[in-house]
2 protein chains.
Amino acid sequence: MKLTKRGEYGLKALIDLAAQADPQAATQIKDIAQRQQIPVKFLEQILLTLKNAGVLRSRAGVGGGYYLAKEPREITLGQVVRVLDGPLAPIPCVSQMAYERCVCADEATCGLRLTMLDVRNAIADILDQTTLADVSTRVENAQHAEQRPARRSSKAKTTTRTTR
Amino acid sequence: MKLTKRGEYGLKALIDLAAQADPQAATQIKDIAQRQQIPVKFLEQILLTLKNAGVLRSRAGVGGGYYLAKEPREITLGQVVRVLDGPLAPIPCVSQMAYERCVCADEATCGLRLTMLDVRNAIADILDQTTLADVSTRVENAQHAEQRPARRSSKAKTTTRTTR
DNA sequence: ATAAATTCTAGTTTATTAGTATACTTTTGA
DNA sequence: TCAAAAGTATACTAATAAACTAGAATTTAT
């Protein structure tokens with residue numbers, strides 16, 4: 001149930017871009033790479049993929065760089081993970097984007113499939129509902145919470161997600 | 001976010017065993033392999049791993065085979081997946097069983113981490129609460145529902161999971 | 001024009017996955 | 001007892017995917 005480095009780096013880069021003063025201003029690859037500790041050449045590939053998928057836009061030449069193709073609240077983590085890492089589903093027979101029939105006799109009564117469908121839905125529910133804007137908001141809240149650690153139960157459920 | 005073949009085959013084998021008349025009676029590898037369409041030699045390895053993890057027991061010799069070490073309701077899918085495929089967490093910095101510090105400046109305010117923690121918890125909530133017995137029950141319910149497809153909305157949410 | 005930037009294609013290396021092969025040990029029914 | 005049935009234990013291999021790396025081509029502000 002693992003996210004690859006491509007997915008991890010891509011998400012970090014987008015979250016980084018969304019956190020910039022103007023998310024639509026061009027930012028250079030090397031700056032993102034430095035801030036997020038990502039190998040520059042690898043990040044290049046990843047951002048290019050995201051550009052081809054319509055998540056990013058770029059401007060070449062001097063003063064160029066990458067910027068978000070849409071508003072942060074219009075980009076979900078689910079889209080991004082699918083582009084970089086493929087389907088969210090643990091097994092292909094419960095995938096929406098890359099369904100493949102499994103060898104079991106009857107999908108409707110396959111125990112593994114029934115459970116893994118729940119898992120895939122739980123993952124998709126989170127990632128498809130969480131936008132870059134949501135992440136930015138959570139980060140800001142967490143930063144404020146850190147500055148004044150007044151009273152805070154050790155298991156403070158910080159589920160600050162804007163309902164959309 | 002993928003389950004490997006090891007995990008898939010292991011779960012299928014255990015679900016198969018739990019579905020047998022007496023889940024504590026010995027079943028031969030080759031029978032499981034045939035029913036579930038799993039390469040025998042590969043399944044051998046997987047079942048051995050599950051035995052060493054205390055999920056299965058075995059008896060050698062004539063009339064031998066594998067059987068569950070515990071009651072089906074005592075074996076969760078979460079345990080099994082962790083044994084065969086490793087941590088449930090999408091990234092190591094939100095893993096309970098294999099935590100590793102990530103490179104970000106501050107984990108408490110890392111946007112990716114906050115979201116992936118939600119994902120890891122959603123996955124764990126399902127897999128750690130679902131037992132082999134639960135799966136058997138769901139399969140039976142699904143089989144009955146199939147025989148009399150009386151009225152059934154096309155999106156019938158079949159969340160028949162025993163609360164424990 | 002040119003330097004700074006992205007674009008694009010391809011290659012490399014390492015790790016993991018998914019299996020095979022082989023020899024050995026234990027158990028037990030005849 | 002002993003041969004067959006079963007699991008045990010390792011080692012090996014092919015294929016694929018992950019994680020980079022290299023370098024030439026292209027774009028563009030100045």
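Each chain gets a letter, A, B and so on, in the order its sequence line appears, and its residues count up from 1.
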Test item: side-chain donor near acceptor, B/Thr130 and B/Arg138, under 3.5 Å: no

Side chains of B/Asp134 and B/Thr131, donor plus acceptor under 3.5 Å: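 Yes - a donor-acceptor pair under 3.5 Å links their side chains.
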
In whole angstrom, what separates [X]'s [atom1] from [N]'s [atom2]?
X       : N      : atom1 : atom2 : value
B/Gln45 : C/dT16 : CD    : P     : 16 Å
B/Lys5  : C/dG19 : NZ    : P     : 7 Å
A/Ile32 : C/dA5  : CD1   : C1'   : 13 Å
B/Lys2  : C/dT16 : NZ    : P     : 17 Å
A/Gln28 : C/dA4  : CD    : C1'   : 8 Å
B/Ile46 : C/dA18 : CD1   : P     : 9 Å
A/Leu47 : C/dC8  : CG    : P     : 13 Å

Where chain A begins and ends its contact with DNA chain D, read 5' to 3' at 4.0 Å from heavy atoms: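 Here the contact window of chain A covers D/dA18 to D/dA29.
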
Hydrophobic cluster membership, [X] vs [Y], 4.5 Å side-chain cutoff:
X        : Y        : answer
A/Tyr67  : A/Ile29  : no
A/Val135 : A/Val83  : yes
B/Leu47  : B/Phe42  : yes
B/Tyr99  : B/Val119 : no

Distance test, side-chain N/O of B/Tyr9 to OP1/OP2 of C/dA18, below 4.0 Å: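 No.
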
A/Gln34 atom CD: more than 12 heavy-atom contacts under 6.0 Å: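 No, not enclosed.
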
Residue pair B/Cys102 / B/Met116, side-chain heavy-atom distance below 4.5 Å: no

Protein-to-nucleotide contact annotation, 5' to 3' order, nucleotides 23-30 of chain C [B base; S sugar-phosphate only; - none; under 4.0 Å, heavy atom]: ---BBSS-

Side-chain donor or acceptor of A/Asp125 paired with backbone N/O of A/Ala122 under 3.5 Å: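 It does not hold such a pair.
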
